[in-house]
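Since we're looking at a predicted model, the values are computed, not measured.
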Amino acid sequence: MTESEFLAALRTLPLHPAARGLRDDTALLDVTGPLVLTTDTMVEGVHFLATDPAEDIAWKLGAVNLSDLAAKGALPLGIMLNYTLAGDDAWDAAFIAGLRQLDCNLIGGDTVSLPAGAPRVLTLTAIGVDAAAPPRSGARTGDHLYVTGTIGDAGAGLAIAQGAWGPGELLAAYRRPMPRTGDGRALAPHVHAMMDVSDGLLLDTARMAEASGLAVTIDLAAVPLSDAYRRFAGDTRDTRLAAATAGDDYQLLFAAPAGFALPVPATRVGSFAAGTGLTLHDGADPVPLPPRLGFEHAA
């Protein structure tokens with residue numbers, strides 16, 4: 001598609017009134033109260049495979065941003081897209097179809113062209129409102145650490161996307177993560193700290209503890225695994241470590257006081273204390289930290 005043709009296709013999506021029909025260089029938002037802003041970039045060969053369906057890539061690009069809003073208890077207001085045109089009409093059309101499935105209004109963005117053969121680079125910004133917005137730095141001494149859902153499914157799904165045999169639900173966890181918007185809305189007014197698990201349970205927990213100026217301990221035996229993950233990888237210390245360092249889960253990780261009445265299903269996996277650093281144990285057994293806690297760019 002040309003830039004004009006792509007913009008015409010985008011106009012068939014649900015548009016926020018601020019978008020002005022995507023016929024202006026700016027969007028005009030009229031809101032009351034604070035905004036929550038987040039942006040993510042996905043690069044072919046780094047964040048997604050060249051063989052991943054374009055429709056799923058669009059979904060995931062939106063979902064990872066909406067997951068950040070969920071971690072602040074925000075209601076999605078709209079999204080802005082920066083898109084690279086690579087001369088593949090079918091890919092562009094499938095990408096737009098994936099965006100349509102997000103059910104989130106488009107506000108604006110930008111389009112550029114890519115040299116032939118260059119990897120795609122896609123950026124999306126999400127805007128949210130009405131947020132309690134607990135920071136990742138708010139954990140307190142004695143707080144318990146909880147996580148929603150299950151951990152490791154997306155990492156297993158990536159292996160399946162790369163050719164391993166495994167359940168389709170794990171592949172869907174990698175390609176179609178579900179933002180926990182409802183859970184975030186229920187949790188945000190009550191918890192001390194919250195973020196989503198994007199780069200791995202261990203790494204993101206370490207980040208929360210460091211930001212809060214505390215030490216944190218995780219019990220590997222408590223890390224929730226799905227039945228599909230157990231069938232795919234087994235349930236050993238090594239497979240639990242693999243799940244806890246894989247990333248791309250987009251579950252909510254939060255700190256709350258002991259005795260907190262959970263408004264949504266979640267699993268306690270650790271606790272915070274005075275001090276610094278992350279320690280692991282598996283039941284009563286101490287476990288050395290693995291060389292890699294999760295996914296870090298340029299690590």
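A donor-acceptor distance shorter than 3.5 angstrom exists from the side chain of D219 to the backbone of G283, with no hydrogens or angles considered. In this structure a side-chain-to-backbone donor-acceptor pair under 3.5 Å is present from T239 to G234. In terms of modelled atom types and a separation under 3.5 Å, the side chain of R100 and the main chain of T12 share a donor-acceptor contact. No donor-acceptor pair under 3.5 Å is formed between the side chain of T111 and the backbone N or O of E3. The backbone N or O of P177 sits less than 3.5 Å from a side-chain atom of W59, completing a donor-acceptor pair. Here the side chain of D143 pairs a donor or acceptor atom with the backbone of R140 at under 3.5 angstrom. R180 places no side-chain N or O within donor-acceptor distance of the main-chain N or O of L252, the cut-off being under 3.5 Å. Under a 3.5 Å cut-off, the side chain of D249 and the backbone N or O of G152 do form a donor-acceptor pair. When atom types are taken as modelled, the side chain of S67 and the backbone of A63 share no donor-acceptor pair closer than 3.5 angstrom. Under the 3.5 Å distance criterion, the side-chain polar atoms of K72 are matched with a main-chain donor or acceptor of P134.
Among residue pairs with one or both ends in residues 188-232, none qualify as ring-ring contact (aromatic ring centres under 6.0 Å, His included); sequence neighbours excluded.
Within the 4.5 Å cutoff, the side chain of T181 has heavy atoms near those of the P76 side chain. Side-chain contact between P17 and L28 is absent, with no heavy-atom pair separated by less than 4.5 Å. Residues L253 and M194 fail the side-chain proximity criterion, which asks for heavy atoms closer than 4.5 Å. Annotation: side chain of T38 is in contact with side chain of L69 (closest heavy-atom distance under 4.5 Å). Using a 4.5 Å heavy-atom threshold, the side chains of L99 and L13 count as touching. Considering only heavy atoms from C-beta on, I96 comes within 4.5 Å of L10 through its side chain. Two residues are said to be in side-chain contact when any heavy atoms from C-beta on lie closer than 4.5 Å; T267 and Y146 fail this criterion. No side-chain heavy atom of H47 sits less than 4.5 Å from a side-chain heavy atom of R120.
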Check the pair D204, F295 against side-chain contact (heavy atoms from CB on, under 4.5 Å), reporting the backbone distance first and the verdict last.
CA-CA 10 Å; D204 287 325; F295 177 80; over 6 Å; no
Kindly indicate, with the supporting measurements, whether the criterion side-chain hydrogen bond (donor to acceptor under 3.5 Å, both in side chains) is fulfilled by T41 and T123.
CA-CA 4 Å; T41 297; T123 298; 2.7 Å; yes
Please determine whether side-chain hydrogen bond (donor to acceptor under 3.5 Å, both in side chains) holds for the pair S271 and T217, giving the CA-CA distance in whole Å, both sets of side-chain angles, and the decisive distance to 0.1 Å.
CA-CA 6 Å; S271 58; T217 298; 5.2 Å; no
Checking side-chain contact (heavy atoms from CB on, under 4.5 Å) for the pair L293/T205: CA distance, chi angles, key distance, verdict?
CA-CA 10 Å; L293 296 182; T205 294; over 6 Å; no
Checking F272 against T141 for the side-chain contact (heavy atoms from CB on, under 4.5 Å) test, could you report, in this order, the C-alpha distance in whole Å, the side-chain angles of both residues, the deciding distance, and whether it holds?
CA-CA 5 Å; F272 292 89; T141 301; over 6 Å; no
Intermediate values then yes/no, side-chain contact (heavy atoms from CB on, under 4.5 Å), T245 and L201:
CA-CA 6 Å; T245 56; L201 177 66; over 6 Å; no
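No side-chain donor from either of Y174 and D56 sits under 3.5 Å from a side-chain acceptor of the other. For T148 and D183, the side-chain atoms include no donor-acceptor pair closer than 3.5 Å.
In the displayed structure, D103 atom CG is contacted under 6.0 Å by at most 12 heavy atoms of other residues, nucleotides or ligands. Within 6.0 Å of CZ in R292 there are more than 12 heavy atoms belonging to other residues, nucleotides or ligands. By the 6.0 Å contact criterion, CD on E44 is enclosed, its count of non-hydrogen atoms from other residues, nucleotides or ligands being greater than 12.
With K60 as reference, D248 is the one residue of D52, D40, D248 to meet the side chain to side chain donor-acceptor pair (under 3.5 Å) rule.
Linking Ile, Leu, Val, Met, Phe, Trp and Tyr residues whenever their side-chain heavy atoms come within less than 4.5 Å leaves V121 and I79 in two separate clusters. One hydrophobic cluster holds both V287 and L225 under the rule that ILVMFWY side chains link at heavy-atom gaps under 4.5 Å. Hydrophobic clustering keeps F254 apart from L278 (ILVMFWY residues linked when any side-chain heavy atoms are closer than 4.5 Å, directly or through intermediates). Cluster membership check: V46 does not share its hydrophobic cluster with L114, using side-chain heavy-atom separations under 4.5 Å among Ile, Leu, Val, Met, Phe, Trp and Tyr. The hydrophobic cluster containing V147 does not contain L187, counting ILVMFWY residues as joined when their side-chain heavy atoms lie under 4.5 angstrom apart, directly or transitively.
Nearest heavy atoms, A255 versus V191: O-CB, 3.5 Å. What you find for A139 and L214 is that their closest heavy atoms are O-CD1, 3.3 Å. Taking every heavy atom of both residues into account, L171 and G157 meet most closely at CD1-O, 3.7 Å. Of all heavy-atom pairs spanning S212 and G138, the tightest one is OG-N, 3.6 Å. The minimum heavy-atom distance between L124 and T39, with the atom names listed, is O-OG1, 3.1 Å.
The hydrophobic cluster containing Y250, built from Ile/Leu/Val/Met/Phe/Trp/Tyr side-chain heavy atoms closer than 4.5 Å, also comprises V64. Grouping Ile, Leu, Val, Met, Phe, Trp and Tyr residues whose side-chain heavy atoms lie under 4.5 Å apart, directly or via other members, places V129 in a hydrophobic cluster with L29, V31, L35, L37, L75, L77, M80, I107, I127. Under the 4.5 angstrom side-chain criterion for Ile, Leu, Val, Met, Phe, Trp and Tyr, W165 has no cluster partners at all.
Here the straight-line distance linking atom CG of L81 with atom CG of D110 works out to 9.0 Å at 0.5 Å rounding. For the atom pair D282 CG and I218 CD1, the distance stands at 12.5 Å (nearest 0.5 Å).
Annotation: salt bridge (Lys or Arg N to Asp or Glu O under 4.0 Å) contacts of R230 (sequence neighbours excluded): D227, D235. Looking at residues two or more places apart in sequence or on another chain, you find a ring-ring contact (aromatic ring centres under 6.0 Å, His included) between W91 and F95.
A salt bridge links D285 to R237: one of the charged nitrogens lies within less than 4.0 Å of a carboxylate oxygen.
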